[in-house]
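Just so it is clear: chains get the letters A, B, ... in the order the sequence lines come, proteins before strands, and each one is counted from 1.
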Amino acid sequence: MAKTKTHADALTAREVDYSAWYNELVEVAALAEHSAVRGCMVIRPYGYAIWENIQRALDERIKATGHSNAYFPLFIPKSFLQKEANHVDGFAMECAVVTHSRLKKAPDGTLVPDPDSALAEELIVRPTSETIIGESFARWVKSYRDLPLLINQWANVVRWEMRTRLFLRTMEFLWQEGHTVHADYEDAERETRQMLEVYRELAEEVLAIPVIVGKKTEREKFAGAMHTYCIEAMMQDRKALQAGTSHNLGQNFARGFGITYQSKDQVETLAWTTSWGVSTRLIGGVIMTHSDDQGLVLPPAIAPVHVVVIPIRCAKPEERAAVEAYLAPLLEKLKARAFAGRAIAVQVDWSDARPGAKHFEWEKRGVPVRVEVGPRDMEQGKLVYALRTGGEKTTTTRDAFADEVLDVLARVQRGLLERARAFRDEHTRDLDDRAAFDAFFTPKNPEKPELHGGFVRGGWCGDAGCEAAVKEALKVTIRCIPLDAPAFAGACVACGQPSAAGLPRVVWAKSY
RNA sequence: CGGGCGGUGGCGCAGUGGUAGCGCACGCGGUUUGGGACCGUGAGGUCGCGGGUUCGAAUCCCGCUCGCCCGACCA
């Protein structure tokens, strides 16, 4: 069969149409699909398995830092949202509102909300849970002895988005939201920063996504927060993706919900709260960080299948039996070994497709290691393996493979992070003058502007108006103020005024 | 939510007024099998939904819906 043959499931190349590539990849890798409800997605088993692996890695870390999981209601009384003025302003425009409790048949036979069942107080489908959790926390916290209160919940939330994309922005998405209460600012701040570090570690070590750790500007921070930290990643189209956020909520929600405690010296004291979250958006981030024109590429730490075994001949019962017997000891050994805290997951592809077809199938799904076992290998006690990330096929013995594969997976995991970091650095510039800044962000080919630009580290005067003007002109925003960068003594790259005192170069980019 | 484009079998598409077809995928039989096999034979579609025009609508008109792209908004 000629290799030039065009298959219906061949992906549009990233260079040709980046968003078409993304959409097709999500489909052919069987990660998710659109549902009958606008803007909502069905996460398919393979995509959900990835989410479960992310969940497991993060949940471990959340518990290791002393938090407990709990669950709060999907519905929030409308009045709760109003208790924090900035918060309600931030979310009012994208809330699903429940107004009735039952349906009835209209004269024409269609179902309509029963007017008699109108709710006395309308319920909001949670866009986030600060308020409903705050109401509980106010009752849970009595004394300084109850602090810190460290809670997390895994949940779905709904934000009525106008423009959606699978995983990156859907009306309903899955996430975890941590909510904590502290005795003072310092402890809340310590918590906020600690969880930010947990997110950095998750992103880099588990997802192999290099991130910039930083603080949001006033304009970009969470509605209701005192300040917001974030991790920002660069996708292959060089746009920024906010991959996680951690908020020091100050006393804003404590005030709104009466979260107070009696201090050691018996003074009724207003508490401090935090919240932090990452979502199924991370899956979009993984896709856009690592995958190529052949399909999905998964970091081994979250791959539902680490190793796929492709028997070269297995159609006849006696052939299959021979391969099964040959593989049995190998599968046993692999099962007993773990990578990133999870047993090596192996799948043998017994389907009667031809080997080449199987290769393409598993390539699309991003399985890190592909093993081939044919008659020649079996005679010699060997097998052949190849990596999704490329390189030559390797021949090794069946008995050595189980040990080798751990190193191979670790190498792949590390290699993905390094490759992504190199890509990001290659598309990051320190710029000091506006002309260069404009040139960097102005598409050379307006027909496909998505493959231009990247990150600019540039000075900022600190003025929100300046930030807004840049966004207006170039659709570029300040993604974050990096935390571990030295103060910058130069000028604002946008307006030429002196950079704000103590501020480092900030990260400017187009974003998702 | 505004502007543009689109929705025909699982996927990709053809079909401009006469009752629906192609490629891939799928079922069965056989020959095959180290990077997308071939032959034979089958199955599968209320043409997004609802109304209208017409003797007759996938096709023309209206409304709605969903998707994609561009804006505004956002994890």
Figure out the CE/P separation between M171(A) and C1(B), and round it to whole Å. 10 Å
Give one of base, sugar-phosphate or nothing for T245(A), where a contact means two heavy atoms less than 4.0 Å apart. nothing
Between C1' of C13(B) and CD of E24(A), the distance in whole Å: 14 Å
Would you call E361(A)-K358(A) a salt bridge at under 4.0 Å N-O? no
Just how far is it from atom NZ of K471(A) to atom CZ of R219(A), taken to the nearest 0.5 Å? 4.5 Å
Could you tell me if the side chain of T128(A) sits less than 4.5 Å from the side chain of R159(A), heavy atoms only? yes
Quick one: look up who U31(B) pairs with, Watson-Crick or G-U, both distances under 3.5 Å, and put none if it's unpaired. A37(B)
Nearest-Å distance, NZ (K364(A)) to P (A25(B))? 11 Å
Report the base-pairing partner of U54(B) (Watson-Crick or G-U wobble, both distances below 3.5 angstrom), or none. none
Return the pairing partner of G21(B) with a 3.5 Å limit on both distances, Watson-Crick or G-U wobble; otherwise return none. C13(B)
Aromatic centroids of Y18(A) and Y22(A) separated by under 6.0 Å: no
In whole Å, what is the span from the CH2 atom of W276(A) to the P atom of A75(B)? 18 Å
Taking the P atom in each of C1(B) and A37(B), what is the distance between them to the nearest angstrom? 48 Å
Identify the nucleotide, in any strand shown, that forms a Watson-Crick or G-U wobble pair with C47(B), with both distances under 3.5 Å; if there is none, say none. none
If we take the P atom in both G63(B) and C13(B), what is their distance in whole Å? 27 Å
Could you give the CH2-to-C1' distance, from W362(A) to G36(B), as a whole number of Å? 16 Å
When the C1' atoms of U65(B) and G50(B) are considered, how many whole Å apart are they? 10 Å
Under 4.0 Å, heavy atoms only, any strand: does L168(A) hit a base, just the sugar-phosphate, or nothing? base
Test side chain to side chain donor-acceptor pair (under 3.5 Å) on S246(A) and T192(A); report intermediate values, then the result. CA-CA 6 Å; S246(A) 183; T192(A) 310; 4.8 Å; no
What nucleotide among G34(B), G35(B), A75(B) has an atom nearest to a side-chain atom of E161(A)? A75(B)
Could you let me know what G42(B) is paired to, Watson-Crick or G-U wobble, both distances under 3.5 Å, or none if it's on its own? C26(B)
Could you check whether F173(A) gets within reach of a base, just the sugar-phosphate, or nothing at all, counting any heavy atom under 4.0 Å? base
Between G9(B) and G42(B), how far apart are the two P atoms, rounded to whole Å? 23 Å
Geometric cation-pi criterion, R424(A) with F455(A): 6.0 Å, 45°: no
Of the listed nucleotides G36(B), G35(B), C73(B), the one nearest the side chain of K471(A): C73(B)
Starting at CZ of R219(A) and ending at C1' of A72(B), how long is that distance when rounded to a whole Å? 12 Å
Both G374(A) and Q242(A) contact RNA chain B. Taking the nearest nucleotide for each, which residue is further toward the 5' end? G374(A)
Within 45° of the six-membered ring axis of Y326(A) and under 6.0 Å from that ring's centre, is NZ or CZ of R398(A) located there? yes
Look at the side chain of R388(A) and the backbone N and O of E363(A), then say whether any donor-acceptor pair between them is shorter than 3.5 Å. yes
For the side chain of E363(A) and the base of G35(B), is some donor closer than 3.5 Å to an acceptor across the two? yes
Filtered N/O pairs between nucleotides 26-33 of chain B and protein, under 3.5 Å:
unit_1	atom_1	unit_2	atom_2	d
U32(B)	O2	R354(A)	NH1	3.0
U33(B)	OP2	R313(A)	NH2	3.4
U33(B)	O4'	R354(A)	NH1	3.4
U33(B)	O2'	I312(A)	O	2.9

Nearest-Å distance, CD (E361(A)) to P (C11(B))? 16 Å
For V384(A), which contact category applies under a 4.0 Å heavy-atom criterion: base, sugar-phosphate, or nothing? base
Rounding to the closest angstrom, what is the interatomic distance between G7(B) and G12(B) at atom C1'? 13 Å
Residues in ring pair (Phe, Tyr, Trp, His ring centres under 6.0 Å) contact with F173(A), at least two apart in sequence or another chain: W175(A)
C1' gap between G29(B) and A20(B), integer Å: 29 Å
Are K475(A) and C73(B) close enough that a side-chain N or O sits under 4.0 Å from OP1 or OP2? no
Could you give the distance separating U19(B) and U54(B) at their C1' atoms, to the nearest angstrom? 14 Å
What residues form a side-chain contact (heavy atoms from CB on, under 4.5 Å) with A70(A), not counting sequence neighbours? F72(A), I151(A)
Kindly write out the residues that satisfy ring pair (Phe, Tyr, Trp, His ring centres under 6.0 Å) with W362(A), not counting sequence neighbours, or none if the list is empty. none
For the C1' atoms, the ones on G51(B) and on G15(B), what distance do you get once it is rounded to whole angstrom? 25 Å
Using a heavy-atom cut-off of 4.0 Å across all strands, would you classify T395(A) as base, sugar-phosphate, or nothing? nothing
Considering Watson-Crick and G-U wobble pairs with both distances under 3.5 Å, what does G2(B) pair with? C70(B)
Annotated protein contacts, base or backbone, on nucleotides 63-69 of chain B with a non-hydrogen cut-off under 4.0 Å, one of B, S, - each: ---SSSS
Taking atom P of C70(B) as reference, at what distance in whole Å does atom NZ of K510(A) sit? 11 Å
Show which side-chain atoms of residues 38-45 of chain A pair as donor or acceptor with protein atoms under 3.5 Å away, not counting sequence neighbours.
unit_1	atom_1	unit_2	atom_2	d
R38(A)	NH2	E161(A)	O	3.2

